[in-house]
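To start, the structure under review is shown below, and the notes come after it.
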Protein chains: 2
Amino acid sequence: MPRLDFWYEFASTYSYPAAMRIEALAEKDNVEIYWRPFLLGPIFADQGWTDSPFNLYPAKGRYMWRDMERVCDACQLAFARPARFPQNGLLGARVALSLNPRERMLFSRALYAAQFAGGRDIADESVVADAIAAAGLVPEPVLENARAPANRAALRAQTEEAKARGIFGAPSFICADGELFWGHDRLEEALVWAATRAGDHVR
Amino acid sequence: MPRLDFWYEFASTYSYPAAMRIEALAEKDNVEIYWRPFLLGPIFADQGWTDSPFNLYPAKGRYMWRDMERVCDACQLAFARPARFPQNGLLGARVALSLNPRERMLFSRALYAAQFAGGRDIADESVVADAIAAAGLVPEPVLENARAPANRAALRAQTEEAKARGIFGAPSFICADGELFWGHDRLEEALVWAATRAGDHVR
């Protein structure tokens, strides 16, 4: 079965519609999605950015918030602009990485919905705990596991891999042949590439 | 007839497929395109950039060049990466602004094709002159007119208007109701908005 790697960051606005839509679209194209949480912060820091480009460049930020309304409207997704942006998604990324594929997908969608539909702050541990529960798991052991040194190191390695694969923003999609697509509006194109041109194994 | 303002910069890579495709798509949607050349340089300078973001951020630049190949391939457009990037589009923008709508469209497409299909440098006056000739005009008087103080001032005003309308990149599309869309991959969406939701007059 063709595979598509879905690289996402919990603070990323456009990752939200991608996360909510990707499984249904992938099923249609018969593509398996591999959910790969990572952190944009270290990648942005390498570019000299200490904040989101949507804050650093206000015209771009104003456009993005309006565009998010349009995108979510077109996708029939609830959307509420969070009071704080960007939010700290470190704990969420650690939790996501520590879970098995199906739990990771369920947890990640729940955490995106909490932030971008529910207006909650994902830096708050109780919000992360609620998303763990929404994935059908007991929060405390999951949180403990997520904070273990081995899992923290795994997230650092995951972020290094993102950088090595040429990722500079989120969401990003990488096909089995290494082909990179950036942005929610390239999701369909990435799936078609994965299904028809890329082969089955990520190199 | 609904109208869509097409804001473009000659140095902008993604403006090339937009310029080559917009008229045929607009005809289908029964939308009139108003071609509006402007300069990104002053807008980027306001953001602290003294070069293209595709040069300042190498991972983004590498992605863009690969993506341009894919985009042009999908649109069946010739594409050759120019030796120099970005190129100085000042003279081209002055010429485009000085022409009437139909000549402007023909000249602009010819100049984009020279740069991104022909690999020529549009900072070279002879390349601009060839594009003027391709629009069916005699180059010398057009070039003289383009360099006149009133036309130079008009281009500065056009760029100020772009900034005031929230433009931060190219290509950008603005509907009669002020709705802004950024990027070649939003061209179809902008046309649908212009045709169905925006009314006839740019406010």
Side-chain angles (χ1 to χ4, degrees), chain A residues 7 14 40 42-51 53-71 73-75 159-160 162-175 177-190 192-193 196-198, chain B residues 7 14 40 42-51 53-71 73-75 159-160 162-175 177-190 192-193 196-198:
Chain A
W7 290 85
Y14 288 107
L40 266 179
I43 292 174
F44 282 176
D46 280 358
Q47 300 184 165
W49 295 343
T50 54
D51 194 354
F54 296 125
N55 291 338
L56 293 172
Y57 308 114
K60 199 164 183 154
R62 277 189 295 274
Y63 174 79
M64 180 275 289
W65 291 115
R66 171 60 184 145
D67 194 43
M68 276 295 291
E69 291 176 353
R70 287 192 307 230
V71 166
D73 193 46
C75 302
T159 297
E160 281 304 312
K163 204 188 300 181
R165 288 189 180 277
I167 287 175
F168 54 91
S172 289
F173 312 98
I174 300 187
C175 302
D177 61 352
E179 196 73 25
L180 168 67
F181 294 86
W182 168 55
H184 167 255
D185 44 19
R186 292 304 182 82
L187 168 54
E188 283 84 349
E189 196 180 336
V192 168
W193 192 287
T196 60
R197 300 182 60 162
Chain B
W7 291 84
Y14 288 108
L40 266 179
I43 292 175
F44 282 176
D46 280 358
Q47 299 184 166
W49 295 343
T50 53
D51 194 355
F54 295 126
N55 290 338
L56 293 172
Y57 308 115
K60 199 164 185 156
R62 276 188 296 275
Y63 175 78
M64 181 276 289
W65 291 115
R66 171 62 184 144
D67 194 42
M68 276 295 291
E69 290 177 353
R70 289 192 306 232
V71 166
D73 192 47
C75 301
T159 297
E160 280 305 311
K163 203 187 301 182
R165 289 189 179 277
I167 287 175
F168 55 90
S172 288
F173 312 98
I174 300 188
C175 302
D177 61 352
E179 197 72 25
L180 168 67
F181 295 85
W182 169 55
H184 167 255
D185 44 20
R186 294 304 183 83
L187 168 54
E188 283 86 348
E189 195 180 337
V192 169
W193 192 286
T196 60
R197 300 181 61 163

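Note on naming: letters A, B, ... go to the chains in the order of the sequence lines (proteins, then strands), and numbering restarts at 1 for each one.
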| About how many Å separate OH of A:Tyr63 and CD1 of B:Ile167, when rounded to the nearest 0.5 Å? | 11.0 Å
| query | Do B:Asp185 and A:Glu189 touch side chain to side chain, with heavy atoms closer than 4.5 Å? | reply | no
| task | Find the one option among B:Lys163, B:Arg62, B:Arg186 whose heavy-atom pairs under 4.5 Å with chain A are most numerous. | result | B:Arg186
| said: Centroid separation under 6.0 Å, is that true for the rings of A:Phe168 and B:Tyr57? | reply: no
| said: Rounded at 0.5 Å granularity, tell me how far CZ in B:Phe181 sits from CZ in A:Arg70. | reply: 4.0 Å
| Min side-chain heavy-atom separation A:Trp182-B:Lys60 under 4.5 Å | yes
| query | Which heavy-atom pair separates A:Ala59 from B:Gly166 by the least distance, and what is that distance? | reply | CB-O, 4.1 Å
